Amino acid sequence: MNLIVCLRMVPDTVEELEIAADQKSLDAEVLRYRLSDPDEHALEQALLLKEKQGGTVTAIALEMPEIDDVLFTALAKGADRAVKIAGDWARLSSTATARVFREYLMGGGQNLAADSLVLLRSQASDELAGEVGVCLAENLGLPYVGVVTGVKVAGATLEVIKEFSGGLRGEFTLGLPAVLGIQSAEKPPRYVPIAKVRAVMKSARIETVEVPAPEQASVEMVDRLYKPEAAGRARMLEGTPESVADQILEILSQQSLV
Amino acid sequence: MANPVLIVAEHLKGELTEVTFEMLGLGRQLADALQAPLWALLMGEQVRALAQHLAVADQVFLVEQSGLQLPSPDQAAAIVKAAIDAQPVSLVLVAGTNVSLGIGAVLAGRLGRPYVNFCKSVTVEAGSILFTSQLFGGKIQADVKLPDACGVVSVYPGAFPAGPGRREGQPPIESLSLSAPSPMVQFKGYIEPETGDVDITKQEVLVAVGRGIQSQDNLAIAEDLASALNGAVCASRPVIDQGWLPLSRQVGKSGMNVKPRLYLALGISGAPEHWEGMQGSQLIVAVNTDPKAPIFDGAHYGTTVDALDLVPILTEKVKAKKG
């Protein structure tokens, strides 16, 4: 199988986020980027399929700070190729991101091999203009299922499991080539020791490619970005763990919970 | 008069989903502001009987075809587009759920209209409408203005009241016969929720653990506290994805929706996807070392002491109190 994983780093929301002066984007100067959990799961699912079905895994990523580390880590985990799409993509909308991936995969009239499966994270909390996965499927004219938590291959057919809500799931089938939005892989993403990543950095190579930058249409829609004002802020309990435990116990007692 | 506002009704296992009524209520408000009619589009295999619940709409369009039980985004978007090609609408509201994921983005692309994902609130002022979306795990909000109030909006589940969207009746129904391309994805069947050892939706007390719990070994202190409080342990997505707890213990968008008397959240940031599953809890106490974690915006009580320090002490105190 020709397994392709499209990775895109997202701002790390554990860090403080600042709004840029234009009030329409995040301040890139202070942003730290990380690979999102579902991106890690998309890569893991591709590696699991390679182990079961054979084939190659190509990890593709947009150029971002520290993206080389991400791509070398993907190689260390078992990806066969790592491709970096060069450019300044920090303010790229999600729909434009899908166009960049499409341009790389099918630009210049090339076709995806018949046994291709493109895996991306199902969704991310910065995809204001649309989920990248489904937009890419639309751009490529390929079938798509999102919120996927399981993938089986039977010949040229995929059997996938999609999550709804309340633990309810559904089973779908679709033919290759296809695009899947991965929510979780069938196993937790594998761990790879730093020493192995360092060794790969010495022996392997990241391919750098360029594609034409897409038009940015959707960004101007945003009138203003801001930090939400808390509607009802929690009453904060201060003090040592001992004292906070006493205060919580008192609250639970008032509510007849202890 | 502006062009109509259209909601795309969502149903699952033969029933309209809660977000459909939330969209109807919001759609009514927007249609009134724009002085436009409110339409609902209902597509599926045998769904005519559901139309009577959509009486808040001025007009229901019905598309009944085989293979439409759970249409894929491209299939659903093709049907909505075919339905409105002959009779333009201003706004299209779609559900921001896992069931409907992707329909809005594909539809917006095909219509050449802007798309607003994750819409959590709407402000109507002097005929202009401001859509507010929650981004980056709830840490940032975006205000979006749509040119001429035209576009596709994905409505975040649970963000708008369902009450105003509920009315039984007999709205005018028009059956549409549309030619949609043959589906590229086939729905095979449902997989029912795993019944775990504990039904977390029936617990009065839940001790919830998130990424902040750091390792599987630390689950034991949460288990001890839950047991002292006669409750159970549940978790947010990252903990379930690590395989530390079974899927039946997951709270949130694709997990369980819980409404316990006490929800004690340990090391949970409170991303919107998690909040969606526990916002109905009567008392929410949040423990998180990040003072800016969004969980504190909705919790009743909060503390930034380390859960790993606090929980064993609290457990002992609960046990002592109970004797």
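By convention in this document, chain letters (A, B, ...) are assigned in the order of the sequence lines, proteins followed by strands, and residues within each chain are numbered from 1. Bear in mind the structure is a predicted one, so any value in this text is a computation, not a measurement. For the numbers below, each heavy atom of this structure counts, side chains included, while hydrogens, waters and symmetry mates do not.
Only the side chain of A/E16 has a heavy atom closer than 4.5 Å to any heavy atom of chain B. Contact annotation for A/D246: both backbone and side-chain heavy atoms come within less than 4.5 Å of a heavy atom of chain B. Of the atoms belonging to A/A124, it is backbone heavy atoms, and not side-chain ones, that fall under 4.5 Å from chain B. Contacts between A/S256 and chain B at a heavy-atom distance below 4.5 Å involve backbone atoms as well as side-chain atoms. For chain A, no part of B/T201 is nearby; none of its heavy atoms comes within less than 4.5 Å. For A/V244, the parts lying under 4.5 angstrom from a heavy atom of chain B are both the backbone and the side chain. With a threshold of 4.5 angstrom between heavy atoms, A/Q255 approaches chain B through its backbone and through its side chain. Contact of A/D37 with chain B is made through the side chain alone, with heavy-atom distances under 4.5 Å. Contacts between B/P272 and chain A at a heavy-atom distance below 4.5 Å are absent for every atom of the residue. For A/E238, no part lies near chain B; criterion is any non-hydrogen pair under 4.5 Å. There is no contact between A/L158 and chain B, counting heavy-atom distances below 4.5 Å.
Here the closest non-hydrogen pair linking A/G166 and B/P193 is O-CG, 3.5 Å. What you find for A/M221 and B/L146 is that their closest heavy atoms are SD-CD2, 4.3 Å. The minimum heavy-atom distance between A/E131 and B/A105, with the atom names listed, is OE1-CB, 3.6 Å.
Between A/S253 and B/K321, the side chains place a donor N or O and an acceptor N or O closer than 3.5 Å (distance only, hydrogens not considered).
Per-residue counts of heavy-atom pairs under 4.5 Å with chain A were compared for B/R237, B/K292, B/R110, B/R211; the largest is that of B/R237.
A salt bridge is defined here as a Lys NZ or Arg NE, NH1 or NH2 lying under 4.0 Å from an Asp or Glu carboxylate O, and A/E159 with B/K188 fails to meet this definition.
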